[in-house]
Amino acid sequence: MPDRSDVSRCDASGESRDELAESLRFQGDVETDRGRWQLYRQALGSEDHHPLLAALRHEPDPQLGLSVAYLAISMLPDALHPAWTSVVPELLRHKAAERSAEVSMLRRAVVGRLAPEEIEPTSWTNWLQLRIASQAIDRAIVDDLADNGRTKRIRNAATLRSRSLAAVDREREAGER
């Protein structure tokens, strides 16, 4: 039998989720994982994320909460990441923190601002390798991933990106003549 703190936690969960659904005029079923996922995605599109953060603190499915945090982290500025990491259950919080660091690193790679000590592709997750392989502007990093990426998909993405970057370089050189 749950103690009173568990009961009040469940009540708070339902209340915050129901309030969120009502404020967004959400029509789905918030009792199912799929319905809550749709609710949370809709809530991410709103200006005020506080009601969503409150609902996620009581999300019964830890993986669903982590997935929402991943999505928010990928969409929002780095400075807001700690709020999203904090709503993930303690057991999975390290994953949210890791994704936050990866998104930040990816954003720097896309504009060519990775620090030399950050360029350690073998230590990057497959998720990060794939995204850097297909989005980075530093040809040396992309070429390294084309040769040494962990999976065939990563190597192929890096090869395509390298070719694209080479074409841009050729066009730039032709325009300078």
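Computation of the quantities below employed the complete heavy-atom set of this structure, encompassing side-chain atoms and omitting hydrogens, waters and symmetry-equivalent molecules. These numbers were taken from a predicted model, which means no experiment stands behind them.
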What one should report as the nearest heavy-atom pair of T32 and G35 is OG1-N, 2.9 Å
Do R161 and L145 have side chains that approach each other closer than 4.5 Å (heavy atoms only, starting at C-beta)? no
d(I119 CD1, D144 CG) to nearest 0.5 Å is 9.5 Å
Joint cluster assignment, L76 & L128, ILVMFWY side-chain distance < 4.5 Å: yes
List the steps, then state whether side-chain contact (heavy atoms from CB on, under 4.5 Å) holds for Y40 with L71. CA-CA 10 Å; Y40 298 153; L71 183 58; over 6 Å; no
Test: D61 and R36 ion pair at under 4.0 Å: no
Whether Q42 side chain and L24 backbone form a donor-acceptor pair below 3.5 Å: yes
Determine, for E173 against R170, whether the closest basic-nitrogen to carboxylate-oxygen distance falls under 4.0 angstrom. no
Among the clusters formed by ILVMFWY side chains lying less than 4.5 Å apart, do I154 and I137 turn up in the same one? no
What are the two closest non-hydrogen atoms of W127 and L106, and how far apart are they? CH2-CD2, 4.3 Å
Test your reading of the model: is there a side-chain donor-acceptor pair from S67 to the backbone of Q63, 3.5 Å cut-off? yes
Is it the case that R108 and S104 place a side-chain donor and acceptor less than 3.5 Å from each other? yes
So OG1 of T151 and CG of N156: to nearest 0.5 Å the spacing works out to 8.5 Å
Measure from the side-chain N and O atoms of H49 to the backbone N and O of L44, and report whether any donor-acceptor pair falls under 3.5 Å. yes
With distance as the sole test, does S134 use its side chain to make a donor-acceptor pair with the main-chain N or O of L130 at under 3.5 Å? yes
Find the distance between CZ (R57) and OG (S16) and round it off to the nearest 0.5 Å. 9.5 Å
Indicate whether the side chain of E98 and that of T125 have a donor and an acceptor atom separated by less than 3.5 Å. no
Look at atom CD of E47 and say whether more than 12 heavy atoms of other residues, nucleotides or ligands are closer to it than 6.0 Å. no
Less than 4.5 Å apart, side chain to side chain, heavy atoms only: is that true for K95 and L66? yes
If the test is side-chain contact (heavy atoms from CB on, under 4.5 Å), which one of E102, Q129, R131 qualifies with W124? Q129
Any T85 side-chain heavy atom under 4.5 Å of R99 side chain: no
How many angstroms lie between atom OG of S100 and atom CD1 of I73, to the nearest 0.5 angstrom? 5.0 Å
Can you confirm whether R139 sits close enough to D169 that some side-chain heavy atom of one is under 4.5 Å from a side-chain heavy atom of the other? yes
Applying a strict under-4.5 Å side-chain criterion to I, L, V, M, F, W and Y, I'd like to know whether L20 and W84 cluster together. yes
Smallest heavy-atom separation, A158 atom then V142 atom, equals O-CG1, 3.1 Å
Would you kindly confirm whether M75 and V110 end up in one hydrophobic cluster when ILVMFWY residues are joined by side chain heavy atoms under 4.5 Å apart? yes
Minimal heavy-atom distance between H58 and A54, with the atoms involved, is CD2-O, 3.4 Å
I need the minimum non-hydrogen distance between S86 and R93, along with the two atoms involved. O-NH2, 3.1 Å
Single-linkage hydrophobic cluster, 4.5 Å side-chain cutoff, L53 and L80 together: yes
Tell me, do L52 and V87 make a side-chain contact under 4.5 Å, heavy atoms counted? no
Nearest heavy-atom contact between D147 and R155 is O-CD, 4.0 Å
Check whether any side-chain heavy atom of V88 sits under 4.5 Å from a side-chain heavy atom of Y70, and report yes or no. no
